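This is a predicted model, so every value here is computed, not measured.
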Amino acid sequence: MAASTSPRRQVLLKFLALLALLLGYFVYLWLRFDAATGAVTAALTWSFFVLCTPIADAGFLLDFPLRLLFGIRMVVSELVVWALAGAINIATLLLAPGYYDTTLLTRLFGQILTQPWPYWAVIVLSGAGTFLSVKFGDELMDVLHHRDRDFFHSHQFKHELIMIAFFALIVFAYYELIASLGLDGLL
């Protein structure tokens, strides 16, 4: 009989695997450019996935493990992730904007950041989708841990259905915006 692994250990292993992927990408960039360029480009790539995708994918690297291991609500950790991604980009735009020219993805990201209309709509829709998905994830974790169980039973998941419908609308609008801006071929 195979030994089962605890959920906390599985989360830790998945987190370490994702971290290894990010570090591997950094090493690739370091070898292709140099250490500083590799580090900044890896950080910009990570922040692109935070700020420009409508789900908590890059932030999820931290959100879910922090929730399971320490009980920190994913919405709170995602706020920190967004603040960190914003700070990385503000610093890079002000101090060394040339780093946005290193890869196709960072060039696209630089274009999104420096042309508010219409590209910032990508960030707005991504933020709405990300925080809605993280809020839903927090509520799901609460139900799984039997917190607020009476609330969910008394409202018969109407709240969650509205959230799912709104999230689907955000994702649809996001992809329509990407297509209308001609960015779909670049992503």
Side-chain angles (χ1 to χ4, degrees), residues 14-15 18 21-22 25 40-67 72-94 97 99-144 148 151-152 155-187:
K14 289 177 184 177
F15 171 76
L18 288 171
L21 181 67
L22 183 62
Y25 182 61
V40 174
T41 304
L44 291 176
T45 302
W46 173 81
S47 67
F48 170 85
F49 286 107
V50 170
L51 299 174
C52 294
T53 56
I55 55 171
D57 45 8
F60 205 65
L61 179 66
L62 298 173
D63 299 337
F64 191 63
L66 289 174
R67 174 67 192 250
I72 298 170
R73 296 198 62 79
M74 292 187 285
V75 169
V76 172
S77 58
E78 191 65 26
L79 284 170
V80 172
V81 165
W82 271 68
L84 179 60
I88 288 168
N89 285 284
I90 289 169
T92 304
L93 284 168
L94 292 175
Y99 283 114
Y100 286 97
D101 294 329
T102 55
T103 66
L104 177 64
L105 186 71
T106 55
R107 279 192 296 278
L108 171 65
F109 193 28
Q111 183 178 359
I112 290 169
L113 292 173
T114 58
Q115 296 179 16
W117 182 257
Y119 295 125
W120 283 8
V122 171
I123 297 171
V124 170
L125 286 172
S126 296
T130 294
F131 284 98
L132 197 58
S133 68
V134 168
K135 182 175 177 10
F136 183 73
D138 269 336
E139 289 182 4
L140 184 62
M141 293 292 291
D142 289 342
V143 169
L144 292 175
D148 303 326
F151 169 81
F152 288 100
H155 288 83
Q156 301 169 1
F157 290 100
K158 290 177 194 173
H159 181 253
E160 284 69 31
L161 292 176
I162 292 169
M163 283 178 43
I164 291 169
F166 190 58
F167 178 73
L169 181 65
I170 289 169
V171 171
F172 175 77
Y174 172 85
Y175 283 107
E176 288 297 313
L177 176 65
I178 295 294
S180 73
L181 296 174
L183 301 176
D184 55 341
L186 298 174
L187 294 177

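Scored by the side chain to side chain donor-acceptor pair (under 3.5 Å) test, T92 finds no partners at all (sequence neighbours excluded). With sequence neighbours excluded, no residue forms a ring-ring contact (aromatic ring centres under 6.0 Å, His included) with Y100. Qualifying ring-ring contact (aromatic ring centres under 6.0 Å, His included) partners for Y99, counting only residues two or more places apart in sequence or in other chains: none. Partners of T45 according to the side chain to side chain donor-acceptor pair (under 3.5 Å) rule, which considers only residues two or more places apart in sequence or in another chain, are Y25. Residues meeting the side chain to side chain contact (heavy atoms under 4.5 Å, CB included) test with Q115, sequence neighbours left out: Q111, Y119. Evaluation of the side chain to side chain contact (heavy atoms under 4.5 Å, CB included) rule for A85 yields W46, S47, V50, L51 as partners, not counting sequence neighbours.
Not one N or O on the side chain of T53 forms a donor-acceptor pair closer than 3.5 Å with the backbone of F48.
Taken to the nearest 0.5 Å, the CZ atom of R107 stands 12.5 Å off from the CG atom of L44. Rounded to the nearest 0.5 angstrom, K135 NZ and L132 CG are separated by 8.5 Å. Atom CE of M74 sits about 13.0 Å away from atom CG of L79, to the nearest 0.5 Å. Taking OG1 of T103 as the reference point, atom CZ of F109 lies at 11.0 Å (rounded to 0.5 Å). Distance check, rounded to the nearest 0.5 Å: CG of L104 to OG1 of T106 gives 8.0 Å. The line from CG of L177 to CD1 of I170 is 13.0 Å long, rounded to the nearest 0.5 Å.
For the pair C52/V122, a side-chain contact is recorded, criterion being any heavy-atom separation below 4.5 Å from C-beta on. In this structure, the side chains of I123 and L113 come closer than 4.5 Å at one or more pairs of heavy atoms.
When all heavy atoms are compared, the tightest approach of S126 to Y174 is OG-CE1, 3.4 Å. Of all heavy-atom pairs spanning G110 and T114, the tightest one is O-OG1, 2.7 Å.
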